[in-house]
Amino acid sequence: MTAQQQTRPHAATKPARWAADAVAMMREGARVRLDYSAQSLWRVDRVIEEIRREGAPYEAVREMLRGLGCYAGEVVVRHTGAQWWSSGGDHWVRTPDGRLWDPVEEARRCYGGHGSLRLLCRDAMR
């Protein structure tokens, strides 16, 4: 492989950093270990559900949801060969079959009680 092939696309820079920040936050704050496995998204969904039930205002958890969504996106990227895409400040994951996924929006849907990062990952990995 050349050096160009070994580096990740520029669009992955921010989501990868936000995902790593979410992993650190979960480890330090919630004592939850995340290992970038599809199974770890069960824990992420549960954490989001617990925060939602506590009634935290959206603005207080907005950045955390972005990080957890990026974490789910990184799970898909690492296990499928997908890539991050970005436009206008939004970030999506494009799987090798050409489908686009929005894990950040799915994290927001989870917080609203209507989504699942685990199911997004399952569907994206098919």
Side-chain angles (χ1 to χ4, degrees):
M1 276 194 200
T2 67
Q4 175 120 2
Q5 291 172 321
Q6 293 175 353
T7 62
R8 294 185 68 181
H10 178 70
T13 303
K14 286 182 180 180
R17 185 181 68 231
W18 293 329
D21 290 347
V23 168
M25 175 194 60
M26 294 294 286
R27 182 182 61 242
E28 301 297 322
R31 302 279 191 245
V32 173
R33 297 239 184 259
L34 300 177
D35 61 3
Y36 293 95
S37 68
Q39 295 80 15
S40 68
L41 293 172
W42 282 90
R43 290 187 295 268
V44 173
D45 278 348
R46 282 195 311 260
V47 166
I48 293 172
E49 174 63 21
E50 288 173 17
I51 293 168
R52 183 179 73 80
R53 275 188 283 175
E54 290 173 2
Y58 174 76
E59 283 304 312
V61 297
R62 184 173 51 90
E63 288 187 30
M64 181 204 64
L65 293 172
R66 180 186 66 190
L68 293 175
C70 288
Y71 172 79
E74 275 292 296
V75 171
V76 173
V77 166
R78 292 178 183 203
H79 292 276
T80 67
Q83 291 186 342
W84 283 102
W85 287 61
S86 67
S87 175
D90 293 325
H91 295 82
W92 306 277
V93 171
R94 185 179 190 114
T95 50
D97 61 7
R99 293 180 295 167
L100 287 173
W101 303 88
D102 190 345
V104 175
E105 180 59 29
E106 191 66 16
R108 293 178 188 130
R109 288 176 38 79
C110 288
Y111 185 71
H114 307 290
S116 169
L117 292 172
R118 176 185 59 83
L119 294 178
L120 176 134
C121 182
R122 183 198 67 189
D123 292 346
M125 293 173 111
R126 285 188 182 169

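Both backbone and side-chain heavy atoms feed into the values below; hydrogens, waters and symmetry mates do not.
With sequence neighbours excluded, the residues satisfying salt bridge (charged side-chain N to carboxylate O under 4.0 Å, His left out) with Glu59 are Arg62. Listed by chain and number, the residues in a side-chain contact (heavy atoms from CB on, under 4.5 Å) with Cys110 are Asp45, Ile48, Leu117 (sequence neighbours excluded). Listed by chain and residue number, Arg27, Leu34, Tyr36, Tyr71 satisfy the side-chain contact (heavy atoms from CB on, under 4.5 Å) test with Val23 (two or more places apart in sequence, or in another chain). Arg53 is linked by a salt bridge (charged side-chain N to carboxylate O under 4.0 Å, His left out) to Glu49, counting only residues two or more places apart in sequence or in another chain.
Among all heavy-atom pairs drawn from Glu74 and Ala19, the shortest one is CG-CB, 3.8 Å. Scanning all heavy atoms of the two residues, the minimum distance from Ser86 to His91 falls at CB-CD2, 3.4 Å.
Atom NE2 of His114 and atom CZ of Arg52 lie 7.5 Å apart (nearest 0.5 Å).
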- Task: Kindly determine whether Trp18 and Glu63 satisfy side chain to side chain contact (heavy atoms under 4.5 Å, CB included), including the steps that lead there.
- Result: CA-CA 9 Å; Trp18 293 329; Glu63 288 187 30; over 6 Å; no
- Evaluate the criterion side chain to side chain contact (heavy atoms under 4.5 Å, CB included) for residue pair Trp85 and Gln83; output intermediate values, then yes/no. CA-CA 6 Å; Trp85 287 61; Gln83 291 186 342; 4.1 Å; yes
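Within the structure, salt bridge (Lys or Arg N to Asp or Glu O under 4.0 Å) contacts touching residues 30-44 (residues at least two apart or in different chains) do not occur.
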Throw together a table of side-chain donor-acceptor distances under 3.5 angstrom for residues 99-107, partners on residues two or more places apart or in other chains.
{"unit_1": "Arg99", "atom_1": "NE", "unit_2": "Asp97", "atom_2": "OD1", "d": "3.3"}
{"unit_1": "Arg99", "atom_1": "NE", "unit_2": "Asp97", "atom_2": "OD2", "d": "2.6"}
{"unit_1": "Arg99", "atom_1": "NH2", "unit_2": "Asp97", "atom_2": "OD2", "d": "3.0"}
{"unit_1": "Arg99", "atom_1": "NH2", "unit_2": "Asp123", "atom_2": "O", "d": "3.4"}
{"unit_1": "Arg99", "atom_1": "NH2", "unit_2": "Arg126", "atom_2": "O", "d": "3.4"}
{"unit_1": "Trp101", "atom_1": "NE1", "unit_2": "Thr95", "atom_2": "OG1", "d": "3.4"}
{"unit_1": "Asp102", "atom_1": "OD1", "unit_2": "Val104", "atom_2": "N", "d": "3.4"}
{"unit_1": "Asp102", "atom_1": "OD1", "unit_2": "Glu105", "atom_2": "N", "d": "3.1"}
{"unit_1": "Glu105", "atom_1": "OE1", "unit_2": "Arg108", "atom_2": "NH1", "d": "3.2"}
{"unit_1": "Glu106", "atom_1": "OE1", "unit_2": "Arg109", "atom_2": "NE", "d": "3.3"}
{"unit_1": "Glu106", "atom_1": "OE2", "unit_2": "Ser116", "atom_2": "N", "d": "2.9"}

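Side-chain heavy atoms closer than 4.5 Å link hydrophobic residues (I, L, V, M, F, W, Y) into clusters, and following such links, even through other members, never connects Met125 to Val93. The hydrophobic clustering, which links ILVMFWY residues whose side-chain heavy atoms are closer than 4.5 Å, places Val75 and Leu119 apart. Cluster membership check: Leu41 shares its hydrophobic cluster with Met26, using side-chain heavy-atom separations under 4.5 Å among Ile, Leu, Val, Met, Phe, Trp and Tyr. There is no path of hydrophobic side-chain contacts, each under 4.5 Å, that joins Trp42 to Met64.
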